[in-house]
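Heads up, the thing below is written out as structure tokens.
Bear in mind the structure is a predicted one, so any value in this text is a computation, not a measurement.
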2 protein chains.
Amino acid sequence: MVNQKKAKQKRVKPQVLKGFRDYPPGEQIARAKMIRKLCETVELMGFLPLQTASLEFAETLLGPHYNEDSLSELFGFTGPDNVDMALRYEFTVSLARYVAGNSTLALPFRRYQYGNAWRVDKPGPGRFREFMQFDIDIVGTQNLLADAEIIAAMVTMLDHIGIKRFKVRFSDRKILNGLIEYVGISLDQGPDVMRVIDKLEKQGREAVIKELGPGRTDKSGDKIKGLGLKTAHIEQIERFLDIASLAKDQQLVKAEELLGDVEVSRTGINELREIQDYLSAMNISDSSTAIDLTIVRGLGYYTGPVWETTLLDLPEYGSIFSGGRYDNLVGRFQGQQVPGVGSSVGPDRLLAALLALQILEVTTATSVVLVTVMDRDRLPQYLQIVRELREAGVPSEIYSGDTKNLTKQIKYGDKVGIPFAVIAGSDEFDAGAVTVKNLAAGRQKARETTKREEWLKAEDIQETIPRDTLVEYLRARTIP
Amino acid sequence: MVNQKKAKQKRVKPQVLKGFRDYPPGEQIARAKMIRKLCETVELMGFLPLQTASLEFAETLLGPHYNEDSLSELFGFTGPDNVDMALRYEFTVSLARYVAGNSTLALPFRRYQYGNAWRVDKPGPGRFREFMQFDIDIVGTQNLLADAEIIAAMVTMLDHIGIKRFKVRFSDRKILNGLIEYVGISLDQGPDVMRVIDKLEKQGREAVIKELGPGRTDKSGDKIKGLGLKTAHIEQIERFLDIASLAKDQQLVKAEELLGDVEVSRTGINELREIQDYLSAMNISDSSTAIDLTIVRGLGYYTGPVWETTLLDLPEYGSIFSGGRYDNLVGRFQGQQVPGVGSSVGPDRLLAALLALQILEVTTATSVVLVTVMDRDRLPQYLQIVRELREAGVPSEIYSGDTKNLTKQIKYGDKVGIPFAVIAGSDEFDAGAVTVKNLAAGRQKARETTKREEWLKAEDIQETIPRDTLVEYLRARTIP
């Protein structure tokens with residue numbers, strides 16, 4: 001038995017789980033601002049918000065044949081009432097479940113959803129086990145207008161949050177499916193061939209060709225097994241890679257010359273032409289989108305158009321916004337197929353990009369005014385100031401900590417990052433005045449000068465003004 | 001072994017876990033609108049957003065001495081790396097963990113957090129296992145200004161979302177602690193006595209007195225065990241209950257007469273006076289707050305002021321917004337105490353109240369204009385209309401489903417709840433015109449008349465206007 005006294009003293013280490021994190025106010029303010037803008041943008045385009053449950057039946061996420069091993073690949077467990085459940089690892093399956101379970105839903109269903117998802121990946125720099133995701137999808141239609149709307153939404157979302165230099169590159173799985181057929185490789189090998197072609201951008205052409213054949217040794221000396229295709233087959237794939245490196249207006253023409261006799265490829269080529277026409281009509285500029293026949297996308301469930309998005313000034317971020325058409329996914333839940341198309345972005349990586357590109361700055365405070373308490377007998381007057389400021393729309397707070405020391409109160413304001421402090425004692429009140437200290441300017445000046453006395457007294461750091469002009473004075477300086 | 005063919009055909013039932021739910025667009029639009037207003041309000045008051053991890057170490061949530069049983073009272077499980085973890089059941093413990101783990105944090109820390117929490121309660125009407133919570137707290141201060149700020153925030157939040165008739169009733173645990181001391185009951189029995197007094201409002205005075213003594217039989221015939229207090233003790237508690245039923249300006253005076261000699265009660269009484277003074281200075285009206293000495297609050301961790309909030313027009317909702325001061329909670333994580341005060345509201349119950357009070361209406365669409373596709377050859381022109389509308393800030397979509405049938409397209413707009421539809425075929429385009437159908441007015445009229453022909457042709461349901469006036473026409477009718 002545990003010694004009661006010792007047990008009582010035992011303290012819990014204040015830590016978060018591996019791969020998890022908190023979002024401190026500074027990050028959260030910026031993140032919320034960005035997400036609000038994303039929501040506004042997609043609502044302007046008629047997408048509807050949906051929130052699905054965070055926990056799902058294990059079979060919903062994993063299909064009917066899951067076992068203990070596959071359950072432990074998610075945050076899965078046997079929960080109340082002895083039911084197997086797991087935290088969602090993405091939203092698309094839940095969307096499919098929602099659509100399948102709501103037979104009266106108006107289709108096409110244009111929905112967006114953002115929130116957390118959970119994966120038992122090995123945590124790493126920028127890779128978390130709990131992460132946010134923002135998805136847009138249009139389900140219940142095979143009309144390629146929907147695909148164009150998804151691409152247009154991606155472009156508009158990035159544009160509205162202030163990212164100007166990016167490229168959405170898109171292709172169509174059907175073209176590659178036709179290539180497999182054309183080359184004469186077994187259809188079973190198709191996914192492997194696509195997986196290798198998908199490495200073209202990162203690994204280069206030579207590596208791809210070696211991986212299609214005998215395999216290769218990478219920079220670290222690791223052996224990478226090849227697919228062992230015949231030379232003749234590889235040469236035919238190379239002809240396709242030649243096309244993919246052409247200027248974009250040439251790609252479809254040449255692809256048609258090469259694969260035009262394969263029906264599925266022809267369909268894919270026509271789909272891309274159609275989407276391109278819609279994008280032009282929507283005035284989606286060529287500088288932000290391009291056909292790129294080497295785009296594959298990792299996920300197995302895509303059936304038609306697919307896309308990836310790279311930031312031109314941050315190519316090292318890889319694809320930040322990607323998706324495609326999936327026409328079979330809802331099938332898990334019911335006999336009838338519900339086709340869909342969608343795209344997904346990680347708000348955390350997007351926020352990191354906005355900060356790296358200096359499009360967004362981190363502000364750590366919500367208050368722009370701290371009303372200090374110099375004289376506790378004057379509390380009603382300080383509270384009156386706070387009230388007036390808030391009613392005028394100026395975010396403010398009264399110092400509500402335990403110290404009576406004014407310097408410490410100012411230090412609090414500085415540490416939180418509040419731009420202005422209001423200071424008033426009996427002298428000021430008796431003279432109908434109040435002092436406003438510009439903490440933000442003070443911090444700036446402190447960085448520029450080492451003479452503390454100098455900046456403390458500088459006129460633009462601190463001003464005494466008539467009490468009855470205070471709210472207007474601060475309003476003018478804090479509300480843009 | 002499972003028959004492969006049968007296995008492939010097995011479909012998953014599209015269902016959510018017991019106690020879980022999805023938020024369909026209509027609800028989610030209203031909920032997001034309300035939460036945005038709540039965030040704006042608390043940011044105006046200088047509260048900072050924090051997001052903590054959804055999953056925590058089991059010992060963080062349950063303390064160091066948890067066992068399998070207590071773990072299964074949460075959504076708890078042994079996760080990756082063989083670590084015991086659980087979904088949070090509220091935010092306060094995570095806040096304490098965050099503060100304990102961030103020693104450089106500026107205190108007082110005024111934070112707000114909203115998001116999901118999970119509890120293994122028995123699901124019931126309006127009671128879910130996954131639910132949203134919105135918390136405001138100020139930690140790291142014993143200054144009662146913080147308590148007043150929390151009450152002011154509650155009042156302002158309710159006011160800003162449009163609820164006018166509510167009452168925040170507050171008391172101080174210390175007064176009741178003093179009562180236990182005064183009556184001379186064992187301090188161990190204090191929590192039981194408070195739990196019984198807490199029933200005063202719901203069960204009435206007679207029931208409370210019986211429960212303090214021998215016990216009682218409730219309406220359903222169930223026996224409720226009494227505390228078995230002596231008659232003399234109960235009579236003294238009754239004297240306190242007499243005070244609690246007095247007019248509010250009398251309560252503190254009389255409480256002081258009864259309990260003024262007990263130090264802890266006197267402290268509590270003075271705390272309430274101080275908070276009341278601050279609220280007056282902030283112009284928080286007496287109609288929205290009141291001292292009520294019978295307020296106890298269920299949770300054990302409160303140490304000082306406590307409050308509950310009832311909606312005057314929906315008393316059956318019980319307390320919708322409640323909290324208090326907890327000065328020992330962070331102690332689980334470190335030797336040093338970090339005092340705090342806070343309050344919590346359930347956005348879902350709040351939203352239900354807004355809908356019940358008809359302060360908020362459910363809108364199921366984000367688009368206000370549906371551009372129909374009558375002639376697929378004209379797609380560039382339809383897309384051009386959508387683009388112009390969006391650029392003018394009018395949320396719109398093009399019909400992107402599979403049917404070419406105009407009636408079905410309009411039916412889609414109706415079903416989603418989109419107010420306007422744009423219709424144009426070759427005749428209109430050639431005449432430089434376009435037709436706008438007011439679907440919302442049509443739905444209204446359809447409810448009012450049974451003569452379908454009549455409302456279909458009614459002038460205010462459908463209008464043909466010059467193409468170049470379209471955007472302004474719709475802007476004027478859709479943007480308030």
Heavy-atom side-chain contact between [X] and [Y] under 4.5 Å:
{"X": "A:Val416", "Y": "B:Leu48", "result": "yes"}
{"X": "B:Arg36", "Y": "A:Arg36", "result": "yes"}
{"X": "A:Asn116", "Y": "B:Asn116", "result": "no"}
{"X": "A:Lys13", "Y": "B:Phe57", "result": "no"}
{"X": "A:Pro108", "Y": "B:Tyr399", "result": "yes"}
{"X": "B:Tyr23", "Y": "A:Pro49", "result": "no"}

Under 4.5 Å from a heavy atom of chain B, the part of [X] involved:
{"X": "A:Glu43", "value": "both"}
{"X": "A:Gln384", "value": "both"}
{"X": "A:Val12", "value": "both"}
{"X": "A:Gln15", "value": "both"}
{"X": "A:Thr156", "value": "neither"}
{"X": "A:Asn102", "value": "neither"}
{"X": "A:Ser72", "value": "neither"}

Do you know the tightest heavy-atom contact between [X] and [Y]?
{"X": "A:Pro25", "Y": "B:Leu50", "result": "CD-CD1, 4.3 Å"}
{"X": "B:Glu397", "Y": "A:Met45", "result": "CB-O, 4.1 Å"}
{"X": "A:Gly393", "Y": "B:Leu44", "result": "C-CD1, 3.6 Å"}

Main-chain N/O of [Y] paired to [X] side chain as donor or acceptor, under 3.5 Å:
{"X": "B:Lys18", "Y": "A:Pro80", "result": "no"}
{"X": "B:Ser400", "Y": "A:Leu145", "result": "no"}
{"X": "A:Asp402", "Y": "B:Asn143", "result": "yes"}

Between B:Phe77 and A:Phe77, what is the ring plane arrangement, given parallel below 30°, perpendicular above 60°, and tilted in between?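 Answer is parallel, since the angle falls under 30°.
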
Highest number of heavy-atom pairs under 4.5 Å with chain B: which of [options]?
{"options": "A:Arg31, A:Gln381, A:Arg129, A:Glu388", "result": "A:Arg129"}
{"options": "A:Pro380, A:Ala53, A:Ser367, A:Cys39", "result": "A:Ala53"}
{"options": "A:Leu379, A:Thr52, A:Thr366", "result": "A:Thr366"}
{"options": "A:Gly19, A:Gly140, A:Ser54, A:Gly63", "result": "A:Ser54"}
{"options": "A:Ser396, A:Gly79, A:Ser94", "result": "A:Ser396"}
{"options": "A:Thr60, A:Val83, A:Ile398, A:Ile138", "result": "A:Ile398"}

Chain A heavy atoms under 4.5 Å from [X]: which part of the residue, side chain, backbone, both or neither?
{"X": "B:Glu130", "result": "side chain"}
{"X": "B:Arg390", "result": "both"}
{"X": "B:Val394", "result": "backbone"}
{"X": "B:Gln409", "result": "neither"}
{"X": "B:Leu105", "result": "backbone"}
{"X": "B:Val16", "result": "both"}
{"X": "B:Glu27", "result": "neither"}
{"X": "B:Tyr382", "result": "neither"}
{"X": "B:Thr78", "result": "neither"}
{"X": "B:Asp277", "result": "neither"}
{"X": "B:Leu107", "result": "backbone"}

Could you tell me the separation between the CG atom of B:Leu55 and the CZ atom of A:Phe20, rounded to the nearest 0.5 Å?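 So the gap between those two atoms works out to 4.5 Å.
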
Largest heavy-atom contact set with chain A, pairs under 4.5 Å, which of [options]:
{"options": "B:Met85, B:Glu149, B:Gln113", "answer": "B:Glu149"}
{"options": "B:Met282, B:Gln142, B:Arg110, B:Glu56", "answer": "B:Arg110"}
{"options": "B:Thr364, B:Asp81, B:Val120", "answer": "B:Asp81"}

Mark yes when over 12 heavy atoms from residues, nucleotides or ligands other than B:Tyr66 sit less than 6.0 Å from its OH; otherwise mark no.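 More than 12 heavy atoms, drawn from other residues, nucleotides or ligands, come within 6.0 Å of this atom.
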
Would you call B:Arg111 and A:Asp22 a salt bridge, taking side-chain N to carboxylate O under 4.0 Å as the test?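 So B:Arg111 does not pair with A:Asp22 through a salt bridge.
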
